[in-house]
Every structure is written in C-alpha cells, then in structure tokens.
Enquirer: 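After the structure tokens below, expect a handful of questions from me.
Only this structure's heavy atoms are used, side chains among them; waters, hydrogens and symmetry mates stay out. Residues take their numbers from the sequence shown, with the count starting at 1.
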Amino acid sequence: MKKILLLALSAALLMPMWSCSDDDKAADYASYVNLKIGTGGHGHVFVGANVPFGMVQLGPTSIPQEWDWCSGYHDSDNSVIGFSHTHLSGTGIGDLFDITVMPVTGEVVYARGVSEDPASGLWSPADRSKEVAEPGYYSVPLTRYGITAELTATSRVGLHRYTFPASEDAAIIFDLENGGCWDSVYDSSIIPVENEKGDIIGVEGYRYSSGWARDQKVFFHAEFSRPIASFSEEVKTYGNEFVRKASYGRCNLGKTADGEQILVKVAISPVSVEGAVKNMNAEVPAFDFELAKSQAREAWNKALGVISIETDDADARTVFYTALFHTMVAPSEFSDVDGQYRGSDGKVRQGDFKNYTTFSLWDTYRAQMPLMTIIHPDMMDDMVKTMYHIYEEQGDLPVWHLWGNETDCMVGNPGLISFADAIIKGFGKDISPEDAIKAMVATAVMPDRGQDLRMKYGYIPCDIYKESVANDMEYAIADAALANAAEYLGNKEVADIFRERSHSYRYFFDPETGFMRGRTTDGKWSEPFDPIYSRHGTSDYCEGTGWQYLWLVPQDVNDLAELLGGREAAVKKLDGLFIAPDHVEGENASPDISGLIGQYAHGNEPGHHTIYLYTMLGEPAKAADRIHQVYKEMYFNDVEGLAGNEDVGQMSAWFVLSSLGFYEVEPASTRFWFGAPRFQKATVKVAGGEFVVTAEGLSDANPYIQSITLNGQAYNKPYIEYKDIVSGGNLVYKMGPNPAKWF
C-alpha cells in the first residue's frame with residue numbers, strides 16, 4: 001500500500017480555473033443550455049459534468065455498446081453501469097469511458113450486465129424523471145440502490161457526491177474493465193492509498209486500453225471524504241490472443257446512515273499517477289462540492305458569454321446556447337498542470353504550451369475550428385503548437401487524434417486545413433515559416449491513405465482504392481489550403497505546386513451525367529452509376545452520394561461553375577440538389593446521410609458549405625431561403641433536435657456561425673460568405689473588443705438581406721473579411737421581404 005501526505009495548499013489554488021468579471025456574472029448563460037438536445041436520434045451528444053475544453057467529461061455510461069450509444073448516453077435507455085471520466089460527444093465511433101465509478105449497496109456481480117437481468121452486473125436503472133443535467137453539473141437517482149449521484153468537474157478532476165440510504169454494506173466500486181463500444185482494456189491496476197495514520201483514504205492506478213485509440217493510457221488518483229473500512233480487488237484475465245487484465249476495486253464504506261453523503265475526488269492524467277496527484281492538488285484541493293460546482297458554472301457562463309444574442313424566441317435562444325456549449329466540449333486538454341503530456345509517439349514530454357486532443361478534424365475544419373479563431377483566439381497558438389508537435393512525433397499533421405493516438409479516421413488531410421487556416425489568420429508565429437511549410441508539405445506527400453496513388457495517377461483510381469472520389473476531393477481541398485498558407489508565408493513555388501494539385505477533382509467530373517464519378521486506373525468511369533446511391537465504406541464516396549459530392553469544391557467554385565456550364569447552369573444544378581429525391585438508394589446505405597432536403601444532407605459534414613455556394617454564385621436570396629429552412633427543420637429544442645451526429649462541435653458550429661449571418665466556405669480562407677442572420681442582434685467578444693451584428697427588421701416576413709453597412713459605411717461585398725470581424729466594430733444588415741443583391 002502506498003502512503004501519501006496531503007500537503008497544505010496556498011489560497012491561490014482555491015481560485016476558479018476561469019475568472020469572471022461582473023458583466024460575465026450578470027447573465028446566467030448556462031441556464032439557456034439544454035443538454036438533452038441531441039440525446040435522441042443519432043445526435044450522440046455527451047451528457048454529464050465538464051468545463052470548457054476540459055480533459056474530464058464525467059457522466060453516466062449505459063449498458064448498450066451500439067452506434068447510438070457512442071457517447072455512453074441515449075434518451076431511449078436509462079441503464080447506468082457507472083460514471084466514467086472520459087466521454088466523446090457526437091462521434092460516429094465510440095471509445096474512452098475510462099475510470100468508471102459506481103456507488104452500490106450489498107453484494108454485486110462484477111460485470112457490465114445485461115438490461116434483461118437487473119442482477120447481472122453493477123448496473124442500476126436511473127430515474128430520469130429526477131435527472132438534472134446542466135453545464136458543469138449532473139445528478140440522477142440510482143433506483144436499484146436508493147443512491148442519488150451528483151457530479152461536477154474541473155478540467156482534470158471529477159468530483160462525485162453520493163447520497164446513500166441506511167445500509168450495512170455500502171461501497172464505491174472502481175470499474176477498470178468496462179469502457180464503451182470499440183474500447184477494450186488490456187491492462188489495469190488499482191491499489192489503495194493510505195494516509196500517515198494507515199487509514200485508507202483513496203485508490204489510484206491506471207487503465208490501458210485499445211480501441212479507436214489504439215494505445216490509450218489513463219492514470220488516476222482518487223480520494224474519499226472519509227476513510228473507507230476496507231478495500232478488495234476483483235481481477236479478471238482473458239487468454240485468447242493475448243493476456244488481458246481488468247480490475248474492479250471495491251472500496252467498502254461499511255455502515256452508512258440514511259442521507260449520508262460521501263464525496264470522491266478523481267483526478268486523471270495521460271502521463272502518470274504522480275501527474276494525477278498534482279492535478280488534484282492544483283484543481284480540487286478540498287472536498288467542497290458546492291464550490292467546485294459553482295466554479296464550473298462560472299466557467300461555462302464566461303465561455304458562453306463570448307456571444308450574447310437578443311431574441312424573443314426562448315427556444316431559439318436555447319438552441320443557440322446549447323449549440324455554443326457543444327462547440328466547447330472539445331478539443332480537450334491533454335496535458336497535466338505541470339505541462340507534461342504523452343506524445344503521439346507514446347513518449348512523455350514536457351510542454352511549454354497547453355496540449356490538446358480529441359481533434360475530429362474531418363468534421364470540424366469546416367466550421368468549428370474557424371469559429372474558434374474568432375471566439376477563442378487565446379487558445380489558437382496552443383492548438384497550432386499541438387498540431388505541429390503531433391507532426392514532429394508522428395511524421396504528419398493530425399487526421400483524427402484521440403488521447404495521443406492517430407486514428408486516421410475519415411478521408412483527406414483535414415488537420416492540414418485547420419493548421420493552414422490558423423496560420424493565415426496570424427496564429428502559430430512561434431513556428432518559423434519554413435517549419436510550418438515543411439510540416440504541411442510532408443503531410444501532403446505522405447505516401448499512405450491513397451496519396452501514393454494520387455501522386456502516381458494524378459487521381460485516386462476507384463478500382464484499387466475505396467471511397468476514391470471522397471479521398472481525392474478532400475486531398476484537393478487540403479492542397480488548396482496548403483497553397484494559401486504557403487502564399488501567405490511567402491513561398492510562391494510551393495503555393496503554385498499545390499494550387500495545381502488542388503484541381504484534381506477535374507478528373508472525376510463527367511460532363512455527360514454532370515456529376516463527380518469514380519475512375520479506374522485506365523480512365524474509365526465507375527459503373528453502374530446512380531447519383532442517389534450509397535454503399536457505406538465501399539463506394540466511391542464517403543458517407544455521401546454523387547449529388548452531395550458534386551459540390552465538394554469549396555476551394556474553386558468558379559472553376560466548378562465552368563465545369564457545369566457557367567454560373568447560370570451551376571445555379572440550376574444547385575437548385576436540383578434540393579428538389580432531388582429525398583432518400584438514398586442502397587441496401588447498405590450510410591446511416592450518416594441524414595437531415596435531407598432533396599439530396600442536400602445537413603446531417604453530415606461534406607455538405608455544410610453547399611448552401612453558401614448560392615451566395616458565391618450570385619444568388620444570396622436562394623442561400624437565405626435554404627438557410628432559414630435548415631434553422632427551422634434541423635435545429636430545435638428537443639432530444640432529437642439535431643439532424644445527425646453532433647461530431648464534436650461541427651453540427652453546432654454551423655448553426656452558431658450561420659446565426660451571425662456568415663460562414664467560411666473556402667479552405668484556409670479569411671473570407672466569410674454572407675447567408676441569413678438568425679437573431680436581431682448578436683454581440684461577439686473578439687480580440688479587438690466587441691463585434692456587434694445587428695439585423696434590422698429581421699422577421700419571418702423579412703428574411704432577406706437588402707443592404708449591409710460595416711462601421712457605418714456601405715458594404716458591397718458578398719463576404720466579410722476575418723480581420724474586420726476580429727478587429728471589432730458594427731455590422732448591420734437591413735432586412736426586407738424581397739430577394740435583393742447588395743454586391
């Protein structure tokens with residue numbers, strides 16, 4: 001048994017992680033958030049306690065390990081196997097659910113259990129009628145045990161408060177076996193921790209698992225508000241291909257009085273148990289649940305207060321602030337309070353920056369990461385450094401990074417796009433232009449994931465690589481982003497090379513059908529072809545159809561229009577997208593193709609820019625019509641209020657950015673194209689002060705922008721520059737009933 005001394009801590013450690021001004025405290029933005037939006041259908045959102053961008057997402061984990069339980073929670077199910085400290089939000093693959101804590105009474109079976117048998121494991125039904133889910137706080141009664149669970153969190157520490165009934169055999173169990181969905185533990189350890197008197201005051205250990213994150217290591221240190229009576233361990237081993245060791249630690253409380261509350265602090269670390277101890281001492285030195293809860297809410301009020309809106313529609317306000325909340329669950333911190341983190345090569349490193357993880361970049365490069373450059377400029381240098389260090393450690397910029405592991409999930413080079421986007425907006429100045437270009441070029445020419453074929457043939461042939469059109473077109477977007485960044489950094493030679501490569505989509509355009517189609521190594525078209533057909537994982541497209549992938553050329557809309565026969569023909573074709581059959585053919589069609597308006601699929605990311613092509617093609621009123629339709633049909637205050645997977649903030653970031661009346665379409669761009677504002681007024685805190693967006697006369701009867709002024713001057717462009725947003729100022733839309741063109 002390990003003995004530790006609890007050191008006295010300075011009063012400074014009791015200060016909240018996020019300080020709040022009087023203005024921040026005046027508005028309780030957290031009260032507008034409905035954490036249940038997206039918990040039904042296929043939203044896959046996290047429900048529990050966390051702080052903005054925190055390492056810890058502490059919430060309930062359910063029995064099912066199916067697609068709709070990727071976050072561990074679904075509105076249709078009330079089973080709870082325990083409260084885990086890591087969760088994903090809105091993903092299409094499940095992982096994490098590390099260090100699960102379950103309060104119990106009496107003897108239990110050490111297993112996940114099955115919902116058909118109440119005594120088959122640790123699990124309990126939850127009384128959802130008494131559930132409380134708020135930013136930074138979660139509570140629910142566990143009916144099997146008569147225990148009420150309450151949770152709050154800091155960035156690296158989860159704080160539990162369990163109210164027990166009268167019991168002779170109460171316990172708190174640490175479950176290191178059960179993760180979620182694709183996660184599987186391969187080694188774990190839990191040992192008791194004693195104080196200098198020999199009392200057992202906590203436990204600590206680690207959990208190593210393999211899943212979506214192929215080699216995930218989580219270390220933890222936990223302490224109880226009173227010493228426990230005894231500790232016992234249940235160890236399970238599995239043979240098969242390799243020996244797998246999973247542990248359960250039963251922390252026996254002994255007798256509890258009715259209503260007695262036991263608190264548990266659990267700190268986690270990607271580095272070591274010692275790191276977890278430091279994290280706990282720094283963030284939660286005392287067993288003060290109410291203080292931690294209030295600090296978490298203050299953190300959320302400060303974060304959500306970055307945008308204040310004016311509206312008479314209470315549901316619309318809830319949808320907006322819930323969306324803003326969802327954009328701040330991740331990327332999540334991935335370094336200890338002393339700066340140590342676990343690199344992509346598995347080595348522990350000392351950082352002089354805040355390291356991050358949970359980069360769902362194929363989704364988030366489109367809106368969530370550009371939104372962060374506006375409302376979280378203080379985080380962006382560390383984001384850029386994180387991506388650059390990932391490149392140094394694994395040889396390329398991240399694709400989909402999870403707990404220090406490259407999952408290589410999804411297609412293209414999305415990390416390159418976000419990296420380049422941040423660079424041209426002035427972030428990452430600690431990285432030299434030469435090093436930044438080197439990282440991007442190395443990523444763009446890495447001979448894996450179909451890039452070797454693209455460099456050999458000029459395109460990715462469909463007869464030797466699955467999802468060839470999707471992969472190639474995403475690589476082309478990344479090439480354009482690289483070209484933009486290289487030009488910004490003064491390297492015209494590199495810019496010219498990758499600008500040319502960014503046109504590889506031309507190989508796939510079939511002028512006879514008017515769609516992007518797969519091509520074989522000998523240049524023939526993939527057959528048969530149906531623009532509404534999908535075959536998940538094995539067709540020429542990734543989570544999409546020919547109708548949807550036709551428009552995946554945000555880097556060169558003018559050229560796409562020329563391929564389609566000119567602007568007028570392109571607009572007519574775009575009209576056709578929204579009136580095409582609103583279903584997908586194919587027995588194994590991708591379930592991600594959702595939120596259909598014709599063949600426009602708002603429930604999946606490849607189409608999120610598409611409506612804004614109307615503005616780029618000179619038809620802003622058509623963009624406004626479709627954007628308002630999406631506002632009404634795809635985002636609402638209900639458990640099924642999202643059109644598809646939340647995808648770690650992207651689905652919500654589209655709503656947040658679009659609500660301001662603009663959206664970044666082009667890769668690594670400084671231009672945000674106008675669409676349709678959602679609220680009468682929005683005030684955004686930016687680096688230069690406040691950027692105030694006013695929509696004069698906005699109503700259902702006045703949905704169209706008639707004219708725009710910027711800082712009192714007439715504005716005649718179809719887009720606004722990034723520098724004009726973040727400098728602060730006043731953007732005024734004059735709205736009216738009739739379609740208009742102000743540029």
Side-chain angles (χ1 to χ4, degrees), residues 2-10 12-18 48-59 82-87 96-101 136 138 150-162 172 174-176 188-195 200-208 216-225 228 249 251 262-289 291-293 295-296 299 332-342 348 354-355 357 403-404:
K2 182 179 178 181
K3 295 186 177 182
I4 66 169
L5 293 176
L6 300 180
L7 302 177
L9 295 160
S10 68
L13 293 178
L14 297 176
M15 296 297 291
M17 296 298 290
W18 294 63
N50 65 331
V51 294
F53 307 105
M55 184 187 298
V56 165
Q57 301 88 34
L58 176 58
F83 302 98
S84 308
H85 288 77
T86 59
H87 289 83
L96 306 186
F97 309 92
D98 295 286
I99 320 303
T100 301
V101 178
Y138 178 83
E150 297 177 90
L151 313 171
T152 190
T154 63
S155 180
R156 301 168 180 85
V157 185
L159 185 56
H160 310 237
R161 182 165 67 187
Y162 298 123
I172 293 173
F174 280 71
D175 173 3
L176 304 184
S188 68
S189 173
I190 181 169
I191 61 172
V193 174
E194 295 179 351
N195 64 12
I200 301 175
I201 60 166
V203 292
E204 61 187 24
Y206 61 82
R207 184 176 189 270
Y208 299 166
Q216 181 190 345
K217 292 180 169 64
V218 183
F219 301 85
F220 71 97
H221 173 80
E223 295 179 9
F224 307 106
S225 56
I228 64 173
C251 303
I262 304 295
L263 278 69
V264 187
K265 299 187 295 182
V266 183
I268 63 172
S269 164
V271 173
S272 64
V273 169
E274 291 74 20
V277 172
K278 291 179 183 178
N279 294 340
M280 180 180 291
N281 288 342
E283 294 187 1
V284 189
F287 284 100
D288 192 333
F289 189 91
L291 175 63
K293 176 184 173 184
Q295 289 179 349
S332 47
E333 292 188 42
F334 193 60
S335 52
D336 290 339
V337 292
D338 62 2
Q340 287 197 329
Y341 69 96
R342 187 172 298 276
V348 173
K354 188 174 289 185
N355 192 55
T357 189
W403 270 80

Enquirer: Looking at side-chain heavy atoms only, is the closest gap between Ser189 and Ile191 below 4.5 Å?
Expert: yes
Enquirer: Can you sort out the partners of Asp288 under side-chain hydrogen bond (donor to acceptor under 3.5 Å, both in side chains), two or more places apart, ordered by chain and number?
Expert: none
Enquirer: Please report the shortest heavy-atom distance between Val266 and Ala222, naming the atom on each side.
Expert: CG2-CB, 3.9 Å
Enquirer: Taking the side chain as everything from C-beta on, heavy atoms only, tell me whether Val193 gets closer than 4.5 Å to His221.
Expert: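 The answer is yes; the side chains approach within 4.5 Å.
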Enquirer: Does any non-hydrogen side-chain atom of Lys278 lie less than 4.5 Å from one of Asp336?
Expert: no
Enquirer: Got a second to check how far Glu223's CD is from Leu263's CG, nearest 0.5 Å?
Expert: 12.0 Å
Enquirer: Under the rule for salt bridge (Lys or Arg N to Asp or Glu O under 4.0 Å), what residues qualify as partners of Asp98, not counting sequence neighbours?
Expert: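 Listed in chain order: Arg207.
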Enquirer: I need the minimum non-hydrogen distance between Gly158 and Leu58, along with the two atoms involved.
Expert: CA-CD2, 3.7 Å
Enquirer: Could you grab the distance from atom CD1 of Ile99 to atom CG of Leu176, nearest 0.5 Å is fine?
Expert: 5.0 Å
Enquirer: What residues form a side-chain hydrogen bond (donor to acceptor under 3.5 Å, both in side chains) with Ser335, not counting sequence neighbours?
Expert: none
Enquirer: Please name all residues satisfying side chain to side chain contact (heavy atoms under 4.5 Å, CB included) with Ser332, sequence neighbours left out, ordered by chain then number.
Expert: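 Per chain and number, Ser332 pairs via side chain to side chain contact (heavy atoms under 4.5 Å, CB included) with Gln57, Thr357, Thr358.
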Enquirer: List for me each residue that meets side-chain hydrogen bond (donor to acceptor under 3.5 Å, both in side chains) alongside Thr152, sequence neighbours excluded, and say none if there are none.
Expert: none
Enquirer: Hey, does Cys251 have a side-chain heavy atom less than 4.5 Å from the side chain of Val203?
Expert: yes
Enquirer: State, yes or no, whether a side-chain contact exists between His87 and Leu96 at a heavy-atom distance under 4.5 Å.
Expert: no
Enquirer: Hey, what do you get for OG (Ser269) to CD (Glu274), rounding to the nearest 0.5 Å?
Expert: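 Separation between the atoms: 9.0 Å.
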Enquirer: Tell me, please, which residues at least two apart from Lys293 pass side-chain hydrogen bond (donor to acceptor under 3.5 Å, both in side chains).
Expert: none
Enquirer: Give a yes or no on whether the backbone of Pro270 and the side-chain of Arg342 come within a donor-acceptor separation of less than 3.5 Å.
Expert: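 Answer holds: yes.
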Enquirer: Which value, rounded to the nearest 0.5 Å, describes the distance between Asn279 atom CG and Ser155 atom OG?
Expert: 8.0 Å
Enquirer: Do any side-chain atoms of residues 49-56 form donor-acceptor pairs under 3.5 angstrom with protein atoms, and if so which ones, sequence neighbours left out?
Expert:
none

Enquirer: Got a second to check how far Gln216's CD is from Trp403's CH2, nearest 0.5 Å?
Expert: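 Gln216 atom CD to Trp403 atom CH2 measures 6.5 Å (nearest 0.5 Å).
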Enquirer: Between Val337 and Glu283, what is the shortest heavy-atom contact and its length?
Expert: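 Here Val337 and Glu283 meet closest at CG1-OE2, 3.9 Å.
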Enquirer: Tyr206: what forms a ring-ring contact (aromatic ring centres under 6.0 Å, His included) with it, not counting sequence neighbours?
Expert: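 Counting only residues at least two positions away or on another chain, Tyr206 forms a ring-ring contact (aromatic ring centres under 6.0 Å, His included) with Tyr208.
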Enquirer: Which pair of non-hydrogen atoms, one from Leu159 and one from Ala292, has the smallest distance, and what is that distance?
Expert: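 Looks like CD2-CB, 3.8 Å.
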Enquirer: Check for a donor-acceptor pair, side chain of Glu204 on one end and backbone N or O of Val273 on the other, with a separation under 3.5 Å.
Expert: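 Not a single qualifying donor-acceptor pair exists.
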Enquirer: Take the angle between the ring planes of His160 and His85 and call it parallel below 30°, perpendicular above 60°, tilted in between.
Expert: tilted
Enquirer: Do Val101 and Phe220 have side chains that get closer than 4.5 Å, going by heavy atoms?
Expert: no
Enquirer: Report the residues that fulfil ring-ring contact (aromatic ring centres under 6.0 Å, His included) with Phe83, sequence neighbours left out, ordered by chain and then residue number.
Expert: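 So Phe83 forms no ring-ring contact (aromatic ring centres under 6.0 Å, His included) with any residue.
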Enquirer: With sequence neighbours left out, what residues match Tyr138 under ring-ring contact (aromatic ring centres under 6.0 Å, His included)?
Expert: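 Partners of Tyr138 by the ring-ring contact (aromatic ring centres under 6.0 Å, His included) criterion come out as none, since no residue qualifies.
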